[in-house]
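Here the structure comes first, spelled out in structure tokens, and everything after it is commentary.
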Number of protein chains: 4
Amino acid sequence: MSSHLSAQVARRSRRRDIDPAEVIAAALELFLQRGFAATRMEDVARAAGVSKGAIYLYFPTKEALFRAVVQAGVVPRIEEAEAEVANFAGSARELLSSLMHGLLLEFWDTPSSGIHKLVIADAHHFPGLAAEYFHDISLRARDVMVAIIRRGIASGEFRDVDVEYVARVILGALDQQAVLRHSMQAHDPEPLQPERFVDVTLDLIMNGLLK
Amino acid sequence: MSSHLSAQVARRSRRRDIDPAEVIAAALELFLQRGFAATRMEDVARAAGVSKGAIYLYFPTKEALFRAVVQAGVVPRIEEAEAEVANFAGSARELLSSLMHGLLLEFWDTPSSGIHKLVIADAHHFPGLAAEYFHDISLRARDVMVAIIRRGIASGEFRDVDVEYVARVILGALDQQAVLRHSMQAHDPEPLQPERFVDVTLDLIMNGLLK
Amino acid sequence: MSSHLSAQVARRSRRRDIDPAEVIAAALELFLQRGFAATRMEDVARAAGVSKGAIYLYFPTKEALFRAVVQAGVVPRIEEAEAEVANFAGSARELLSSLMHGLLLEFWDTPSSGIHKLVIADAHHFPGLAAEYFHDISLRARDVMVAIIRRGIASGEFRDVDVEYVARVILGALDQQAVLRHSMQAHDPEPLQPERFVDVTLDLIMNGLLK
Amino acid sequence: MSSHLSAQVARRSRRRDIDPAEVIAAALELFLQRGFAATRMEDVARAAGVSKGAIYLYFPTKEALFRAVVQAGVVPRIEEAEAEVANFAGSARELLSSLMHGLLLEFWDTPSSGIHKLVIADAHHFPGLAAEYFHDISLRARDVMVAIIRRGIASGEFRDVDVEYVARVILGALDQQAVLRHSMQAHDPEPLQPERFVDVTLDLIMNGLLK
DNA sequence: CATGAATGAGTTTTCATTCAT
DNA sequence: AATGAATGAAAACTCATTCAT
């Protein structure tokens, strides 16, 4: 207890150039693994290789950190999708296929795919966040999907369906897999094969079940 | 410890014949509104019109209460579905339509529809529960859906599709709406109309998008 | 849930002739095993084969039960000792020997030997009890011991010692063994042999260590 | 007695360099006064002038604090005794006298004298602690006493007595006074005078009662 | 009298947040 | 700026005691 007086010198090491993005990445991973409530700020700090206090230099509260995680994870994704729709030159069917393959597959193995699950699970705690997320993300995603279907109808590729609700059906199927990916996939004796899922979904949506 | 012998407690009001089902109902409602972690046992007690201690007479821990909520909410639902599939005499298409209308609509406005969301959001906390739920509920639901599709293929109604994955697509779309119902529907400028959703889903699944 | 309405008949069984002494005996055993604080009234009730409520018919509080346990366990013991001293006809040495053999050995294997330990361990909780016990029991025991030594000095058997403190020494050695009996004897590789202990104590006290 | 009430400073500011030893000291005092179960961690914190949370920085549980209290209080004491026996050059009688005076008197007015009482009273709660304490402390103390008596016999000073049991008698008398010191001495109309007690004990043990 | 379901005050422990260094 | 020791509010769970039956 008193034998290392000389070690008193050991002073706190100082880390320069803390990158908030590292904190966000660490927080996302932990929020997904253990949920928001069960993740301690200290865990985030350790995982990010940063001191507890340093987090508060960038995020005033745990809630602010959560919101940053959500923003950082989904805004780029939806922007990518919007850009692709705006620039895509091929048929509506090819566009839908490209989007689904590109997005679902691209994010399948990155933590970003779990943001949706995160918001669903923990948005209670943050009065405004659910509304904000819904408007900024969910509705934008729906708009993208609606635009694609409309394009297909306009071009004569697709039947004249209930565009709004068809968009909900397709997005629902996709989102649900992303959610399950982070909640119960570990227990599935046959974990989802994402490419196969996208292919089957496309086939079903395009051709239907009936002969 | 130190007992305050001088001050005698005010007369406690006594409730007879506490029904554990009332506690479960109250707990479900609160878990859905605020999440598992954010729901205090005292809140559940107050909502059920029962004392805090009384809850522990029936559920040894908060986790046990959670599990009871889950069991009570979903087991009857899945059993109903299995029974309907076993007894249904009509075509596969009619069976699917009946199931989707019956179950989704029946439960849409009851708290039971939120159990799925609850498990997805909070299963972290309970090592065994997610696995248990997945095996007892999710896989059973998938089996039901697979059986219906198989029946349709056998009867010549349906194309010869990838049964397992088509089941995942359909269930995903449905489940996702139930999940959203309890997480973000309040923020949707056009809240889902369940009947319309089922109709569109059936139409899409049966006929596909293509002309 | 509703299938056994006929079983409503199951009525509480009624036990007649509850003997408070059984409750006291059960309480003593449990207080010794687990301490006062760690013993639940329900445990006492079950051990005594009585309902929780019934205990309160005889003992208004847990503290009252504790006091009854102490009274029941030691008052007879000290009265026995006083009577023996009053009636004993032999030498002081024989009286001391008789008392020590009689009391220590008689109570060694009964729970009564643990009352002293109980009071020492838990008297905090009960402001008046320690004082009461000390006056009613400890000082009476000391008086008995003092009387014996005085008798020996008067008869010329014993040296003219500091009577009060010699009594404390002798009682201390005895009491300590009773206390250890109920706290740590289980861990002693050589548990105390009570007869040997009494014999050695008598020999030491009578003859001393020196040659 | 204990007069730390004067230190009731309402600390609003931060305290630096908390010394766990202060927490241990405060805990010992309170455990002795009120028993383990009746002492709230908050009491310990207040008595130590520390926040409740700070205690958990050094002691993971209340039990760990208890064990630290025991270790800190008795290990140095027994080591002192062993060292004195090893180094003492005089007669066995002088050694015994020195030890008894030195230890009993030295610790009489420090809280350390109550550790023994503490373990006896509350060891129930901690499965391993009683055994550990008994082996590490009680048996070591017995060995010390046995060594002294053996030395006296070897040198011809003492009679050839039952060494093991004589050690138990002597230690019992001493320990009991330390125990009483912390349980009932307040109620004794003639509180023990420790020097007188040691002198009388030595005289009795050396010379016996008989003429 | 006897029962045991119901009550709710009380305690340990955790962890977001602060701030002296 | 960065650190991490210190703070204290909050919540699950226990159990002495009551009282409808």
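Below, chain A is the first sequence line, B the second, and so on; all start at residue 1.
Shortest non-hydrogen contact noted between C:Ala26 and C:Val44 is CB-O, 4.1 Å.
Remark: C1' of F:dA11 and CZ of B:Arg34 are 13 Å apart, rounded to the nearest angstrom. Rounded to an integer number of Å, the gap from CG of C:Asp43 to P of F:dT14 is 13 Å. Summarising the geometry, the separation between CD on C:Glu42 and P on E:dA6 is reported as 13 Å, rounded to the nearest angstrom. Across the protein-nucleic acid pair, B:Met41 atom CE and E:dT12 atom C1' stand 17 Å apart, rounded to whole Å. Rounding to whole angstrom units, CG of residue B:Asp17 and P of E:dT7 are separated by 11 Å. The CD1 atom of C:Ile55 sits 18 Å away from the P atom of F:dC19 (whole-angstrom rounding). In this structure, CG of C:Leu65 is placed 16 Å from P of F:dC15, rounded to the nearest angstrom. One atom, CZ of D:Arg46, and another, C1' of E:dT12, lie 15 Å apart when rounded to the nearest Å.
Aromatic ring centroids of D:Tyr133 and D:Phe126 lie 6.0 Å or more apart.
For D:Tyr56, counting side-chain heavy atoms from C-beta on, the closest listed nucleotide (E:dG8, F:dA12, E:dT13) is E:dT13. Across F:dT17, F:dA2, E:dA6, the shortest atom-to-atom separation from the side chain of B:Ile18 is found for E:dA6. Nearest nucleotide to the C:Leu57 side chain, out of F:dT7, E:dA2, E:dA6: E:dA2. Side-chain atoms of C:Arg40 lie closest to F:dA16 of the nucleotides E:dG4, E:dT12, F:dA16. The side chain of A:Ala54 lies closest to F:dA2 when the candidates are F:dA2, E:dT17, E:dT13.
Along DNA chain E, the nucleotide closest to B:Gly53 and the one closest to C:Gly53 are compared, and the more 5′ of them pairs with C:Gly53. With DNA chain F read from its 5' end, the first of the two nearest nucleotides for B:Ala38 and C:Ala38 is the one closest to B:Ala38. Toward the 5' end of DNA chain F, the nearer of the two residues C:Pro60 and B:Glu63, judged by each one's closest nucleotide, is B:Glu63.
In this structure, CG in B:Leu28 is found 9.5 Å from CZ in B:Phe66, a value given to the nearest 0.5 Å.
OP1 or OP2 of F:dA2 has at least one side-chain nitrogen or oxygen of A:Tyr58 nearer than 4.0 Å.
Nucleotide F:dT21 has E:dA2 as its partner under the Watson-Crick or G-U criteria, with both atom distances under 3.5 Å. Here F:dC15 sits opposite E:dG8 as a Watson-Crick or G-U wobble pair (both hydrogen-bonding atom distances under 3.5 Å).
Counting heavy atoms from C-beta on, the side chains of C:Phe59 and C:Arg67 never come closer than 4.5 Å.
For E:dT17, its base sits under 3.5 Å from the side chain of A:Lys52 at one donor and acceptor pair at least.
Crowding of B:Glu63 atom CD: a count of heavy atoms from other residues, nucleotides or ligands under 6.0 Å exceeding 12.
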